[in-house]
There are 2 protein chains.
Amino acid sequence: MTIKVIMQELSTSEENYIKAIYAIEQAERDTVSTNALAEQMQTKASSVTDMVKKLSAKSLITYEKYKGVTLTEEGIAIAIKLIRKHRLWETFLVEKLGFGWDEVHEIAEQLEHIQSSKLTQKLDAFLNYPKFDPHGDPIPNEDGVIHKNEKARNLSETDLQEAYIVIGVSDVSPSFLKYLDKNGINIGSKIKVLQRYDFDQSISIEFNGKEINLSKTAVQNITVIPN
Amino acid sequence: MTIKVIMQELSTSEENYIKAIYAIEQAERDTVSTNALAEQMQTKASSVTDMVKKLSAKSLITYEKYKGVTLTEEGIAIAIKLIRKHRLWETFLVEKLGFGWDEVHEIAEQLEHIQSSKLTQKLDAFLNYPKFDPHGDPIPNEDGVIHKNEKARNLSETDLQEAYIVIGVSDVSPSFLKYLDKNGINIGSKIKVLQRYDFDQSISIEFNGKEINLSKTAVQNITVIPN
DNA sequence: AATATATTTTAGGCAAGTCTAAAAATATTA
DNA sequence: TAATATTTTTAGACTTGCCTAAAATATATT
Ligand SMILES: [Mn+2]
Ligand SMILES: [Mn+2]
Ligand SMILES: [Mn+2]
Ligand SMILES: [Mn+2]
């Protein structure tokens, strides 16, 4: 007797909620509150309550009134599949179609919902099984395994006078990425941390021979490893 | 004073209706009836009436009660853009990802709704501005121009003992395309029409040295040009 | 502990897209 | 042309996903 796993069809909205819950779970290591989810989804708390009941009924999250939600194993698997598709498509758009890294997130938000596991698998092969997307984020493999870089840290947690390599950005808004482009900073850029200003938590770095000042907000959105 | 053309955002459902109306208009050269549209959309006539009112309010079709619908200029432009995207994606899936021509239609049905004119343009360039999709259908260019082959005709309208080249298929169902695959018939296949059987309107052709019998239904779905 | 504040849920409503059943209009046929 | 059949529209209902306003619960403050 064979057991058939029925992978339920999810709406785009349901998928986006799953992704949002996953993202919050990764950031804060706690159950996800209704308000936090409403914030992430740019919607109202009452809408979140509605959706959260539906996802709970489908066993993709556990939900207790007034106590927030957590993804189930199945929910996590779905979230990771979506992230995999999102990052593969972003890689395709940059590597094959020549888009800038600031242009691909919005399009990938649409493409990640295309339903075809064969497509995902063939896209992965076509791209030569890339490990990271254009923003330096790791791409989960077909089994859902994500290889995080152990040495990765936020630029705000670095030592003075030490050399680092930029390996990722956590804000993918076009304005931030264009700002980095203007300064020539990209994934792989070699930098040295020169000074840290306590009054506004900005820092100055050496990059390509010149000194660049980065605001607190910019610094918080750059991930590096020691060089 | 500049006139700004506001390209309205359409839902996937609205887009599919526009495409369906266009397809029927091409086939029968007449206004499109509610029932014909319901048949094409695999839905009920009452649902069609509802949608037809909406599209009419958006000036994408002209609609008169009990008299069927016609696409407006704007409606036609939208239909052609969708067909362009559909066929470009099918080409991508076959040429770049290695899908079979029988596997791509369903996936392209999803991909054609991705919103980004820059994506369409870059995909076109990446594919080297292909003129035809994997089923031999012409791909509209960025200006909406479709180059139809003047010499194209249905296999049912061919002369005996004459040589032809298969240039297209009008049924894209996997079962039909797999049937052609089994016989080795593809776009570009050189064939000779041997005989025509009146009693069931089947024909026999010579292909690759061997004789193949094709049913009426098969014949009706193959497009050829004289060799 | 009682009160005030913040968070979350419920109640009720709206738009899109679909359906069934019934009514209205059009087309066919006797 | 009148009856019959077919097509199309309307009426009313359902689901999904969202909203606002109000009620319920939980948390913070005095
Ligand atoms: Mn992204
Ligand atoms: Mn990314
Ligand atoms: Mn197709
Ligand atoms: Mn095609």
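In the text below, chain A, chain B and the rest are named by the order of the sequence lines, each starting its count at 1.
With dC19(C), dG17(C), dT16(D) as the candidates, the nucleotide lying closest to the side chain of K54(A) is dT16(D). The side chain of Y63(B) approaches dT9(D) more closely than any other nucleotide in the set dT18(C), dT9(D), dT9(C). Taking the side chain of K53(A) as heavy atoms from C-beta on, and the options dT10(C), dT8(D), dT18(C), the nearest nucleotide is dT10(C). The listed nucleotides are dC19(C), dG17(D), dT20(D); the one nearest the side chain of K44(A) is dT20(D). In this structure, of dT8(C), dT18(C), dC18(D), it is dT8(C) that holds the atom nearest to the side chain of N35(A). Counting only heavy atoms from C-beta on, Y66(B) has its side chain closest to dA24(C) among dT8(C), dC19(D), dA24(C).
A donor-acceptor pair is defined here as one N or O able to donate and one able to accept, closer than 3.5 Å; such a pair exists between the side chain of R196(B) and the backbone of S156(B).
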Mind running side chain to side chain contact (heavy atoms under 4.5 Å, CB included) on Y63(A) and T49(A) for me, showing each step along the way?
CA-CA 10 Å; Y63(A) 165 58; T49(A) 303; 3.9 Å; yes
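Contact annotation for S13(A): backbone-only contact, meaning every heavy-atom pair under 4.0 Å involves sugar-phosphate atoms and none involves a base. No engagement by K67(B) is indicated, since no non-hydrogen atom pair under 4.0 Å with the nucleic acid exists.
One atom, CG of D50(B), and another, P of dC14(D), lie 16 Å apart when rounded to the nearest Å. In this structure, E64(A) atom CD and dT25(D) atom P are separated by 15 Å, rounded to whole Å. Between the CG atom of L10(A) and the C1' atom of dG17(D) there is a distance of 15 Å, given to the nearest Å. Rounded to whole Å, atom C1' of dT7(D) lies 14 Å from atom NZ of K65(B). Between the CE atom of M41(A) and the P atom of dC18(D) there is a distance of 6 Å, given to the nearest Å. Here the C1' atom of nucleotide dC18(D) and the CD atom of E14(A) are 14 Å apart, to the nearest Å. Distance CD (E15(B)) to C1' (dG17(C)): 15 Å, rounded to an integer number of Å. The NZ atom of K58(A) sits 13 Å away from the P atom of dT15(D) (whole-angstrom rounding).
Each of T120(B), V94(B), I107(B), L123(B) was evaluated against W89(B); a single residue qualifies, L123(B), per the side chain to side chain contact (heavy atoms under 4.5 Å, CB included) test. Each of T70(A), V32(A), V52(A) was evaluated against I61(A); a single residue qualifies, V52(A), per the side chain to side chain contact (heavy atoms under 4.5 Å, CB included) test.
Contact of T34(B) with dT9(D) (side chain to base): no donor-acceptor pair of N or O atoms is detected under 3.5 Å. Counting distance only, with no hydrogens placed and no angle test, the side-chain atoms of S46(A) and the base atoms of dT20(D) include a donor-acceptor pair under 3.5 Å.
Of the side-chain N and O atoms in S47(A), none sit less than 4.0 angstrom from OP1 or OP2 of dC18(D). Regarding contacts with the backbone of dG17(C), every side-chain N or O of T43(B) stays at 4.0 angstrom or more from both OP1 and OP2.
Heavy atoms from other residues, nucleotides or ligands lying under 6.0 Å from CD of E73(B) number 12 at most.
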